[in-house]
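Lettering follows sequence order; numbering is per chain, from 1.
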Amino acid sequence: MSEQVFKDNELLKANKSESYFAVVRRQFMKNKLAVGALIVLIFIILLCIFVPIFSPYSMQIFFADNRLIPPSGQHWLGTDIIGRDLFTRLFVGGRISLGIALAVTAITTLIGFTLGSLSGFYGKWIDTIIMRLTEVILSLPFIMIAIVVVALFGSSIQVLIATFGALMWPGITRIIRGQILMLREAEYMKACEALGINDFSRITRHLLPNLLPFIIVYATLNMASVILVESALSFLGMGVSPPTPTWGNLLEPAREMIHLANRPWLFIPPGVMIFLTVMCFNIVGDGLRDAVDPKSRGR
Amino acid sequence: MTNSENLLEVRNLKKHFPIKKGALRRVVGHVKAVDDISFNIRKGETLGLVGESGCGKTTAGRTILKLHEPTSGEAIFNGENVYDKSRSELKSLRTKMQIIFQDPYSSLNPRLPVFELVGEALREHGFVKNNREMQEKVIEIIEKCGLTREQATRYPHQFSGGQRQRICIARALALNPEFIVCDEAVSALDVSIQSQIINLLKDLQDEMGLSYLFISHDLSVVKLISDEVGVMYLGRIVEMGSKQQIFSNPRHPYTEVLLAAAPLYDPRNRARRERKLLEGDIPSPANPPSGCRFHTRCIYAQDVCKEHAPEYREIDTGHFAMCHKVNGVF
């Protein structure tokens, strides 16, 4: 039937097929809301990267005679109580908030992946120990513990990251364990066994790629919750301590009635940033979940 | 009993799954999914294994390939016991024994294109030297299975159920096996596709001299493809014989009701047939009935059936049954 000359990779080039990730991307692109949220998110991240670089103001330097200037052409978002440019501080704060969220997500994902796969693969007593441990961590009053740790070790960014990392891993651990338990019994894993495929290929080529979308979805949603928790702690003065700005401690003036009533530029911009970022992470995460879930895609 | 023609001899195979309960995961009992079965499969022939859901057919097929660890018994393939093999010996034996699963959706990894799905094992076992050789080999195999070379770069979700099952067959055939377990290989497909796949399996058998263990609950399918038929009930083979013996002269009461329950395609025959329906459900394999396991549902059951397990006896040349009535006890 096909007697054409077989050229190297001829088929791989001229194919109409799409890989799984191409399908996920196409599916994600259909979700206009999620694409919009992703664009907003990218825009916010770019601002956090570039505004501090190009801003004529430093986030530290203050001028006593420039205190509490409302937004103007010179200071786009006005200045704070001691005369620092708020536009600059807003995006430096964004760097810190997003950086903490990213670091915590990386740590929790790593811990979650390790413990979740140990638990899922080996089962038995390893599973029992890890699952009881996650239950213990989940029953701890998170904010209280974080406050105690900060009180003991000081409120540096490192301490915050370590605390959040140590307390936020149970969620993803459970998800990964569940996925592995499910994937392990999938018939294609049995088929691999019947074909004599080695363990390394079975894990890296068959298990991991099928796990990855769930990890990405979870990590995206996790970013949102870390940003919220960090903001809450910093707002209470138990997070990152000034002068280092974060979106949370930029909100601090809202704790005082005089600012709350008269100077909205002090707290509305960081509030809006937190709201936008968290909402966008959630929408993107949901969009990704719909895109990777084969059940919502039909066969 | 040992016969040089036999490709596979299964001897007293048992697979019991422990039931664990409580916080300490104590073993409180066993599900006797496969309980002492023996059969032979000759080179180039097909043994059909039929039975209700939950009778242990699938477990039997998987245990033979050592996808489950057997509780006891032997599976002698080409004169060597599968369960005595070391890890590396087992790996090379895997090229000789393959399996096709029931669900063509869950048995293909959605992340890999056909090239990889079919070719992966070729690379693993060193059957091909490089990617190009693998691609050529894969195309040769999938064309044999009725797919086109253009489809080799596609992913599983781009295929229909029947085409996916062809990919599964191609994957099993890639290693050039001698024996394939077809575990309900056509049950998930609709009837017209079923016949295509069965014809494909038969053609491949003639061409490559394959032997099949064809596991199914569909008697009409088994009748089409099998040379020998074994009927399983609650982990045991209750009757075994050639296709003619089983379908024209069923002796075990369970086989009788099973055949009577199969749909007839000609409605004019329906009025004439005796209605023998099986009542109740299959008893729990964790706690099988005493004596003959079928006595709770058997219309002929006597007191002896409740107390003593019948022997598995040859009642005719090559025709075995496990029943007191057939054995002439009453």
Tell me, side chain or backbone of B:L108 under 4.5 Å from chain A's heavy atoms, or both, or neither?
backbone
Looking at CZ of A:R25 and CG of A:L288, how far apart are the two atoms once the value is rounded to the nearest 0.5 Å?
12.5 Å
So which of B:R171, B:E120, B:Q151 has the biggest tally of heavy-atom pairs under 4.5 Å with chain A?
B:E120
Check this for me: does any side-chain nitrogen of one of A:R132 and A:E135 sit under 4.0 Å from a carboxylate oxygen of the other?
yes
Okay, B:L112 and chain A: the region with an atom under 4.5 Å from a heavy atom over there is side chain
Are the side chain of B:R149 and the backbone N or O of B:I139 linked by a donor-acceptor pair below 3.5 Å?
no
Salt-bridge test for A:K190 and A:E187: reply yes if a basic N is under 4.0 Å from a carboxylate O, no otherwise.
no
Does the side chain of B:D218 come under 3.5 Å of the side chain of B:S187 through a donor N or O and an acceptor N or O?
no
Does B:F17 have B:K15 sitting over its ring (NZ/CZ under 6.0 Å from centre, angle to axis within 45°)?
yes
Can any side-chain N or O of A:R177 pair as donor or acceptor with the backbone N or O of A:S119 at less than 3.5 Å?
no
Among B:Q102, B:K20, B:K66, B:H125, single out the residue with the greatest number of heavy-atom pairs under 4.5 Å to chain A.
B:H125
Listed by number, the residues in residues 94-101 of chain B that come under 4.5 Å of chain A (heavy atom to heavy atom) are B:R94, B:M97, B:Q98, B:I99, B:F101
Under 3.5 Å, is there a donor on one side chain and an acceptor on the other for B:E116 and B:N109?
no
Tell me, side chain or backbone of B:P110 under 4.5 Å from chain A's heavy atoms, or both, or neither?
both
